[in-house]
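Some notes on the structure that comes next.
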Amino acid sequence: MKSMDNIKNTNSKDETTASISANEAGAVVMAVKVDDLTVAYNYKPVLWDIDLEIPEGVLMAIVGPNGAGKSTLIKAILGILKPIAGSVSIYGKPYHKQRSHVAYVPQKGSVDWDFPTVALDVVMMGTYGSLGWIKRPGVKEKKAALEALEKVGMLPFKNRQISQLSGGQQQRIFLARALVQDASIYFMDEPFQGVDATTEIAIINILKELRKAGKTVVVVHHDLQTVPEYFDWVTFLNVKKIATGPVKDIFNDDNLTKTYGINYKVSVQK
Amino acid sequence: MNLQDYFSLVFSDYTLRTITFGTAILGAVTGMLGSFAVLRKQSLLGDAISHAALPGIALAFLITGAKDTNTLLLGALVSGLVGTFWIRGIVTKTHLKSDTALGLILSLFFGFGMLLLTFIQKQPNANQAGLDKYLFGQAATLVESDVWLMAIVTGICLIVMLLFWKEFKLLLFDPDYTKTLGFNTKFIDILITTFIVLAIVLGLQTVGVVLMSAMLLAPAAAARQWTNSLGTMVFLAAIFGAFSGVFGTAISASQDNLSTGPVIVIVASVFVIFSFVFSPGRGLLFRQIRFIKNRRDLEFQKTLAFMYHIAETHEDISHPHTIKILNNFQGFTRKTLQKLADKNYVTLDGAMWSLTEEGFETAANLYNQNFKKHE
């Protein structure tokens, strides 16, 4: 327990020094730009007229109640879902031209973990995109996958059947698969869902490392308590975009109430 | 003819050899592709496709008036594909779930097919007899050219599968992620589905519309029990499928009045049952054995730990206790204590049990281990 507190302390120290590199330089580079995005399942709009700019180098949380369209927003940005209207650009170009810059960590529950394969194999899948059609992964790809496994602390489990991993370990495997892609922008759908405190700290440390390396990280997040501690940028979403900006400026009762519809008091543990 | 005769004849008798090769190849290709269907949770797709093929057979006959196998199978292929993509359309365009869509298309097409078959039977065309063999299949009608066709399709399927192995695996495991990596998931999906339809259509002559889906599912379900690798699973499914074909043919050829299709399906089901019970990793038998062994180990450790607890409260670690005090484990204690005594961890003196030095240390170690694990 003691060691955990230590990690937490260093984390919050990190937080105070964290800022957006692009901001200091003056000109803000936009990693992701979403214009007038509207997505509907059947007749009900899930996302309504979203305008969103994500500056390069931020670690951003997307927060909002269930059914607010958080996962849908990520899926629409990644082209998994087809929007009714609107456009998305990654570094100024449409997504399908920028795939190599983008990595995705889907929700853990979106796949069947009883699939007959081992951890290393799943992580290798992260290399498939750069390989393209038909070409098989080779030594180089395997080395990259092993390195990613090492980073998430899962190297000892590389040959483990994936159904025999714990929920937290499965989440780390998904994270490693995205790390292998060596992208500039990472989209993660609830990477903290159902993981224990140790794994949560391990994951957030990796995310912070990514930010330090100048990457942009966008995370669908549920735990409002940890937003100020983990993230430097936040987007409030509830079908419409409520607010987006630096955590220290906009993470307040007003926006939380607007998003969640109840009188919300931030009780941040500092 | 008994089984022995069959195996001596299979290499010399032309008809028997043709049928055996045919069913073996059919079993292999359906087993292979069935693995994909099972892993995509589309087990019932095969059933829908095979039933959807029936009106195609009838229509092909009505249009051409000929009973040429290839023509009829071409009709089956077309209507099977129409049925399949209709199902896909229903699932993507409406609120209906895939099981509903499968059920709808299956009964609609099969009903229409039966209607056409009865209509054909009323025709004054002498040629019409025998179309109903496609309901349950008739392996005896296989000729060499049919087997060649099967072999060619299987060969193409194998090449495509090896070429697109990586893409197939990715799509089977995580379709959304596949899309974000830039692969055309629709293309991969159509490729897999088309081959499944092809394999089913090829099997209609042998196994028939009604039982064809078992050929797809049984070998794959059996194979899944034995391995945790996709490659091995597909390979095993092909082997199981091929053997089902050979054994099924052998059994039906060695007995009178046993039609081949159903026998093949029964043999494949035997593979499934055997695998469910006896596979080492996932089989019921070994799971039960592991469960009993774990329970024994736990009883053993619990009793030892309990004695360790009381020993700690006494000066003398070997302070004796009656079984009454120790018996808080639903009557398992005497047997467990006896086992502990066999290992020299406890001693029995009259009616009093006491921990030995060795037992105390083992219990202490056990404790530390568990404690570390949870830290």
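Throughout, a chain's letter reflects where its sequence line sits, starting with A, and its residues are numbered from 1.
Across A:I162, A:L81, A:D121, the residue that shares the most heavy-atom pairs under 4.5 angstrom with chain B is A:D121. Note: A:I134 leads A:V118, A:V111, A:I134 in heavy-atom pairs under 4.5 Å with chain B. Contact count against chain A (heavy-atom pairs under 4.5 Å) is highest for B:E167 among B:M233, B:E167, B:K41, B:H95. In terms of non-hydrogen atom pairs under 4.5 Å with chain A, the most contact-rich of B:T178, B:T185, B:N184 is B:N184. For the set A:G132, A:P106, A:S100, the count of heavy-atom pairs under 4.5 angstrom toward chain B peaks at A:G132.
Of the possible donor and acceptor atoms, none in the side chain of A:R99 sits under 3.5 Å from a partner among the backbone N and O of A:V102. Without hydrogens or angle criteria, A:S110 side chain to A:Q107 main chain gives a donor-acceptor distance under 3.5 Å. Between the side chain of B:S244 and the backbone N or O of B:F240, at least one donor-acceptor pair lies under 3.5 Å. Between the side chain of B:R282 and the main chain of B:Q225, no donor-acceptor pair closer than 3.5 Å is present.
In B:R296, the CZ atom is not crowded: 12 or fewer heavy atoms of neighbouring residues, nucleotides or ligands sit closer than 6.0 Å.
With a 4.5 angstrom heavy-atom cutoff, B:R40 does not touch chain A via any of its atoms. For B:F168, no part lies under 4.5 angstrom from a heavy atom of chain A. Residue B:L163 touches chain A through both its backbone and its side chain, counting heavy-atom pairs closer than 4.5 Å. Within the 4.5 angstrom heavy-atom criterion, only side-chain atoms of B:F164, from C-beta onward, approach chain A. Neither the backbone nor the side chain of A:F187 has a heavy atom closer than 4.5 Å to any heavy atom of chain B.
B:F235 has its ring centre no less than 6.0 Å from the ring centre of B:W226.
Relative to the ring axis of A:F174, A:R177 places its NZ or CZ within 45° and under 6.0 Å from the centre.
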